[in-house]
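Report on one structure; see the data block that follows.
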There are 2 protein chains.
Amino acid sequence: MSNQAARRTRSLSADKRAAILAGAKRVFLRDGFAAGSVDAVAAEAGVGKQTVYRHFGSKDALVEALVVGMCEAIDWSAPPDASSDPRATLRRELNAFVLGLSTPGSVQLYRAIIGEAGRQPEFARLFFEAGPKVIRSRVASVLCGELPDSEASEAAAILVNLALGDAYLELVLGITPPDPKRFERQIDAALELVLPSR
Amino acid sequence: MSNQAARRTRSLSADKRAAILAGAKRVFLRDGFAAGSVDAVAAEAGVGKQTVYRHFGSKDALVEALVVGMCEAIDWSAPPDASSDPRATLRRELNAFVLGLSTPGSVQLYRAIIGEAGRQPEFARLFFEAGPKVIRSRVASVLCGELPDSEASEAAAILVNLALGDAYLELVLGITPPDPKRFERQIDAALELVLPSR
DNA sequence: GCCGTTGACGAGACTGTATAGTCTCGCTAA
DNA sequence: TTAGCGAGACTATACAGTCTCGTCAACGGC
């Protein structure tokens, strides 16, 4: 709408907002929500401190906007495929999920959210609903064709767990660098365990 | 030794040190390593601020002493049992592990360590070596009797993963309260999957 | 098409508060 | 007498949030 375009020039700039959020992402995911400062965000975004407050009102609101935005942007699902082989579908689905979660940004978000889970349970819930829960139900819906409905949900949980497996804990702890091949191996082993091929 | 008793009164008091660490545990695991203040620790420990510095020198050193101490104190293993049934042994072992990790203190430590993993990788490593790694190898050594050695290590990783399962992620995220029965169900399902009973 | 108004913006000074770390003092027990 | 200790004053720094000022680009009246 031209309304929006006209509004934007007279109103707060969407570009600035995006720049601030990008700066906030770098600063807060690097230093933590508590230790990261608004001054650092403003500097990182190439923006005046006042502009940050004009757009977001407070540090807490800024952090919340960042977390909400990142959670909403989560989309780790694989594009739909034509294949009717559920094993192949699951493999692609789990792979997309695991790769999405292995991104430096995702790992940092995961760390920050878990670090704050005791003080900011809403963030944790938001993340959970947008990420793990969605994948679980996607996997379960694929499994419904293969297993009795009563087992599909549990099997989905097991698959998702094993897909992340040890590799993800070690990745989050910073003990091992990301290793797509290792994830693939974990996914194959998980599929073999839950849906034995022969 | 009387030496120690004599030393203690003339030297820094071990009681004070312990009180400070106990206060630090409450404060830092509640507020985070960055946001928790030395003043709060001193107050919580019923101790003068100066005493904290006499004992630990700096906030960083205090945090490190706390983390190191808590990691060294980790012992989630079940007491050895006489039973020769490996399934029963594994069930007890996994149960002890999961219960130890579900303790409020353990969950808070886990959160804090993951939250800092990007900035304090040594803490993460320390925790990993003292906790998950130990359990993995304990489980693997039990499995060696049941499976070919080549599979035992991977199966152990799978068992440990499934024992924690969804319940632990949800616990750490603060989404579900601790539920020992749910963990038991997860452990039974995991054992059934890895070592089918019939 | 020109011009004055308007409001977003950058820069940075400023306030109040919190915190790390130091210093001093008076108490107490060996 | 000595040294650990509690209490709390003190310094220096950092940060959240506010305020001001000068600039600039868009809008509206002419």
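This one's a predicted model, so the numbers in the text were calculated from it and none came from an experiment. Here is the naming used below: chain letters follow the sequence lines, and residue numbers restart at 1 for every chain.
At least one side-chain nitrogen or oxygen of B:T51 sits closer than 4.0 Å to the OP1 or OP2 atom of D:dG6. The shortest distance between the side-chain N/O atoms of A:H55 and the OP1/OP2 oxygens of C:dA8 is not below 4.0 Å.
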Can you give one letter per nucleotide of nucleotides 7-24 of chain D, going 5' to 3': B for a protein heavy atom under 4.0 Å from the base, S for sugar-phosphate only, - for none? B-------SBBBB-----
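Within a 6.0 Å radius of CD in B:E184, other residues, nucleotides and ligands contribute more than 12 heavy atoms. Remark: A:E64 CD is loosely packed, at most 12 non-hydrogen atoms of other residues, nucleotides or ligands lying under 6.0 Å away. Crowding of A:K25 atom NZ: a count of heavy atoms from other residues, nucleotides or ligands under 6.0 Å not exceeding 12.
Terminal axes of the helix from C:dG1-D:dC30 to C:dA30-D:dT1 (five pairs each, C1' rotation axis) are separated by 10°, to the nearest 10°.
Sorted by first and then second residue, the side chain to side chain donor-acceptor pair (under 3.5 Å) pairs involving residues 144-163 of chain B (not counting sequence neighbours) are A:D166-B:N161. The side chain to side chain donor-acceptor pair (under 3.5 Å) pairs that include a residue from residues 95-114 of chain A number zero, where partners must be two or more places apart or lie in different chains.
Taking 4.0 Å as the cut-off between side-chain N and carboxylate O, B:D188 and B:R91 count as a salt-bridged pair. Between A:R87 and A:E192 there is a salt bridge, with a side-chain nitrogen of the basic residue lying less than 4.0 Å from a carboxylate oxygen of the acidic one. Contact check on A:E122 versus A:R125 returns no salt bridge, with no Lys/Arg side-chain nitrogen under 4.0 Å from an Asp/Glu carboxylate oxygen.
C:dG21 atom P lies 10 Å from atom CG of B:L62, rounded to whole Å.
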So which protein N/O to nucleotides 25-27 of chain C N/O distances come out below 3.5 Å?
none

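Aromatic ring orientation, B:Y168 versus B:F183: tilted (interplanar angle from 30° to 60°).
For the segment residues 16-24 of chain A, residues with any heavy atom less than 4.0 angstrom from an atom of DNA chain C are, sorted by number, A:K16.
Residue A:A190 comes nearest to A:L162 through the heavy atom pair CB-CB, 3.5 Å, listed as atom of the first residue, atom of the second, then distance.
Judged by distance alone, with hydrogens and angles left aside, the side-chain atoms of B:R30 form no donor-acceptor pair with the main-chain N or O of B:G36 at under 3.5 Å. B:Q186 contributes a side-chain N or O that, together with a main-chain N or O of B:A167, makes up a donor-acceptor pair within less than 3.5 Å.
For the atom pair NZ of B:K16 and OG1 of B:T51, the computed distance is 7.0 Å after rounding to the nearest 0.5 Å.
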